[in-house]
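Quick notes on the structure that follows.
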Amino acid sequence: MRWPLGAAMAAAVLVPAAAGADTPPGERADPRINEIQVIGTHNSYAIPADARAMALMAPRLAALYAAMREQLPEDRRAALAEEHPAGISDPALSLDYVQMPLEAQLRMGVRSIELDLHSDPEGGLYADPLPYRQLREQGLRDLAPIHTDALKQPGMKVLHVADLDFRSQCPALRDCLSLMRRWSDANPDHSPVFVLLEPKSSALDRAVDGAVKVPAFDAAAFEEVDQAIRDILGPQRIFTPDQLRGDHATLEKAALAKAWPRLSQMRGRFVFLYLVPGLNLQTFAPYMQDRPSLQGRAAFVQGLPGMPHTAFVLVDNALTRPDRIPQLVRAGYMVRSRADIDTDEARRNDPDRRDRTLASGAQIISTDYLTAPNVHGNGYHVPPFAGGWRCNPVAGRCEP
């Protein structure tokens, strides 16, 4: 593995010499999955937007974000600033990255995939995006292609932002899952893959005439996702909240008891984890109703310590409160964080966030830059680990 020059902290973290010293050799060779660390990608499915469509829509979204930010209560505004430390005043800049094909990511060792979900029960909601309609009215015909046929079919869609950043490698959720299943079939001994799911709501339709109104993520939408996971991957390939909880009273108690399975038990399997935008758990009421520990569900749900369902915590920014992630990891929670946010660090070729996030012990670390030179022409990148994982520098009691 090669890191850019000057990444001294990252190099030091790669081999935590003391890890596992007090753990029996057999267990060190077979860590629990909360004792490893993996590299993943952010918006893993994304294909770069048509520059003309982005130029048309980005100022509208930026104005909408600015207006919404001013209306937020102080605590939510502070949380947004932590999640987006460089600001999001220019979506064209913050979305300027290029993801590899999903299979290439998995083959090179990526072990976390992020899919953004848009409900589309009747089909066709996202098949003719507003900027493409407006650009065609200007006489343009050479627009960057989208998978129109797939988008016309009923069913859950995978894309980032409707009418703005909508080009996707696999716009149908079932197609994304099928791609992962085919790769898994060809590599049955692969280390576990953590699949982050983020339900999306509407934004542009509030301020832009003609923008699509994204349906609310209701009980039927959540059921559709669970069913797609089970249909495509099968129960033997997924690790569910029920399996972690076992005989523990709550899912959180199981996580705090560090009841996570060992790596050998998770070969060839997937773990699905819902991100909760704005930590608005009320929007997850249809998924969690009468299921305080996600009984019977296919996916975990982001939460906070003290909540019965919390086994998975999101801390995108490891720098603002540097003690938080190590504390969560040592307690037994699964944590996701980001090595780079909104392209800022990569543009500046600044490895500090990456290196400190790696050292934090977050088990899942997402990036937009797997290789160097990156799309900005410099050496910033976050390569996956050989074999898909490494010993966790904080929780690790395994062989490095």
Side-chain angles (χ1 to χ4, degrees), residues 1 3-4 6-20 31-42 78-79 81-86 109-112 114 191-192 194 196 252 255-256 258 260 263 271 273 275-276 279 300 302-305 310-346 348 350-370 380-385 388-398 400:
M1 181 179 301
W3 294 87
M9 184 181 296
V13 168
L14 284 177
V15 184
R32 297 186 184 277
I33 63 169
N34 66 306
E35 298 173 339
I36 67 173
Q37 192 173 62
V38 305
I39 301 300
T41 49
H42 161 248
E82 180 177 326
E83 294 165 6
H84 300 279
V110 163
R111 290 296 181 269
S112 177
E114 183 178 333
S191 54
F194 299 86
L196 306 176
E252 184 185 47
L256 296 178
K258 300 180 176 64
W260 298 95
L263 183 62
V271 185
L273 307 144
L275 307 179
V276 182
L279 204 57
F300 294 80
Q302 173 194 347
L304 292 174
T310 302
F312 167 55
V313 181
L314 185 74
V315 186
D316 275 349
N317 190 336
L319 276 56
T320 54
R321 289 175 284 173
D323 293 337
R324 186 182 181 201
I325 293 178
Q327 290 171 354
L328 291 166
V329 169
R330 291 189 184 101
Y333 298 103
M334 191 72 65
V335 180
R336 182 265 199 158
S337 194
R338 292 179 66 176
D340 38 81
I341 300 177
D342 298 333
T343 77
D344 178 57
E345 292 79 15
R348 294 186 288 106
D350 181 357
D352 183 55
R353 180 181 300 281
R354 178 199 67 193
D355 297 348
R356 292 169 65 182
T357 304
L358 283 163
S360 75
Q363 291 94 341
I364 304 166
I365 297 178
S366 298
T367 182
D368 288 321
Y369 304 94
L370 295 172
Y380 177 87
H381 70 306
V382 190
F385 302 118
W389 67 279
R390 75 163 182 176
C391 188
N392 191 296
V394 171
R397 294 179 296 173
C398 50

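Values reported hereafter were calculated over all heavy atoms of this structure, with side chains retained and with hydrogens, waters and symmetry mates removed. Being a predicted model, the structure only gives us computed values, none of them experimental.
- In plain terms, the two heavy atoms of Ala395 and Asn34 that are nearest each other are CB-O, 3.6 Å.
- Remark: the backbone N or O of Ala339 is not paired with any side-chain donor or acceptor of Thr367 at under 3.5 angstrom.
- Residues satisfying the side chain to side chain contact (heavy atoms under 4.5 Å, CB included) test with Ala311, not counting sequence neighbours, are Leu244, Leu251, Ala255, Trp260, Phe300.
- In this structure, Leu328 and Pro305 have side chains that are in contact, with non-hydrogen atoms separated by less than 4.5 Å.
- With sequence neighbours left out, the side chain to side chain donor-acceptor pair (under 3.5 Å) criterion links Arg330 to no other residue.
- A search for side chain to side chain donor-acceptor pair (under 3.5 Å) contacts involving Ser337 returns nothing, not counting sequence neighbours.
- For Glu114, the salt bridge (Lys or Arg N to Asp or Glu O under 4.0 Å) partners are Arg336, not counting sequence neighbours.
- Rounded to the nearest 0.5 angstrom, Asp316 CG and Arg353 CZ are separated by 9.0 Å.
- In this structure, Pro322 and Pro326 approach most closely via the heavy-atom pair O-CD, 3.3 Å.
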- Query: Are Asp340 and Val382 close enough, and set up right, to give a side-chain contact (heavy atoms from CB on, under 4.5 Å), and what steps lead you there?
  - Reply: CA-CA 9 Å; Asp340 38 81; Val382 190; 3.9 Å; yes

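- Under the salt bridge (Lys or Arg N to Asp or Glu O under 4.0 Å) criterion, Arg111 pairs with no residue, sequence neighbours left out.
- Taking both residues in full, the closest heavy atoms of Ala318 and Ile325 are given as CB-CD1, 3.7 Å, listed atom of the first, atom of the second, then distance.
- Residue pairs meeting the salt bridge (charged side-chain N to carboxylate O under 4.0 Å, His left out) criterion with at least one partner in residues 360-369, sequence neighbours excluded, do not occur; the list is empty.
- A 4.5 Å side-chain heavy-atom check between Tyr369 and Thr41 finds every atom pair outside the cut-off.
- Between Gly361 and Val329, the shortest heavy-atom distance links the atoms O-CG2, 3.3 Å.
- Between the Gln302 side chain and the Leu273 main chain, no donor and acceptor come within less than 3.5 Å of each other.
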- Message: Quick one, Phe312 with Leu275, criterion side-chain contact (heavy atoms from CB on, under 4.5 Å). Give me CA distance, side-chain angles, the key distance, then yes/no.
- Response: CA-CA 9 Å; Phe312 167 55; Leu275 307 179; 3.8 Å; yes

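- From Thr357, atom OG1 reaches atom CD1 of Ile364 across 13.5 Å, with rounding to the nearest 0.5 Å.
- For the side chain to side chain donor-acceptor pair (under 3.5 Å) test, residues two or more places apart in sequence or in another chain that qualify with Thr343 are Arg347.
- Scored by the side chain to side chain donor-acceptor pair (under 3.5 Å) test, Gln363 finds no partners at all (sequence neighbours excluded).
- Counting only heavy atoms from C-beta outward, the side chains of Leu263 and Pro192 approach each other to under 4.5 Å.
- Met334 has its side chain out of reach of Val313: every pair of non-hydrogen atoms, C-beta onward, lies at least 4.5 Å apart.
- Looking only at distances, no side-chain donor or acceptor of Asn392 sits under 3.5 Å from a matching main-chain atom of Glu35.
- Side-chain N or O atoms of Gln327 include none that pairs as donor or acceptor with a backbone N or O of Arg324 at under 3.5 Å.
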- Query: Given the rule in the side-chain contact (heavy atoms from CB on, under 4.5 Å) test, do Leu304 and Tyr333 qualify, once you have shown the distances and angles that lead to the verdict?
  - Reply: CA-CA 10 Å; Leu304 292 174; Tyr333 298 103; over 6 Å; no

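- Side-chain contact between Gln37 and Pro393 is present, with at least one heavy-atom pair separated by less than 4.5 Å.
- A distance of 10.0 Å separates CZ of Arg390 from SG of Cys398, quoted to the nearest 0.5 Å.
- Residues Trp389 and Pro384 form no side-chain contact, since every pair of their non-hydrogen atoms from C-beta on lies 4.5 Å or further apart.
- Between Asp342 and Arg338, the shortest heavy-atom distance links the atoms N-NH2, 3.7 Å.
- The only member of Arg354, Arg356, Arg348 that meets side-chain hydrogen bond (donor to acceptor under 3.5 Å, both in side chains) when paired with Asp352 is Arg356.
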- Intermediate values then yes/no, side-chain contact (heavy atoms from CB on, under 4.5 Å), Leu358 and Ile39: CA-CA 9 Å; Leu358 283 163; Ile39 301 300; 4.1 Å; yes

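- Atom OG of Ser191 sits about 11.0 Å away from atom CD1 of Ile33, to the nearest 0.5 Å.
- When every heavy atom of Ser360 is checked against every heavy atom of Val394, the shortest pair comes out as O-CG2, 3.3 Å.
- Residues forming a salt bridge (Lys or Arg N to Asp or Glu O under 4.0 Å) with Arg321 (at least two apart in sequence, or on another chain): Glu82.
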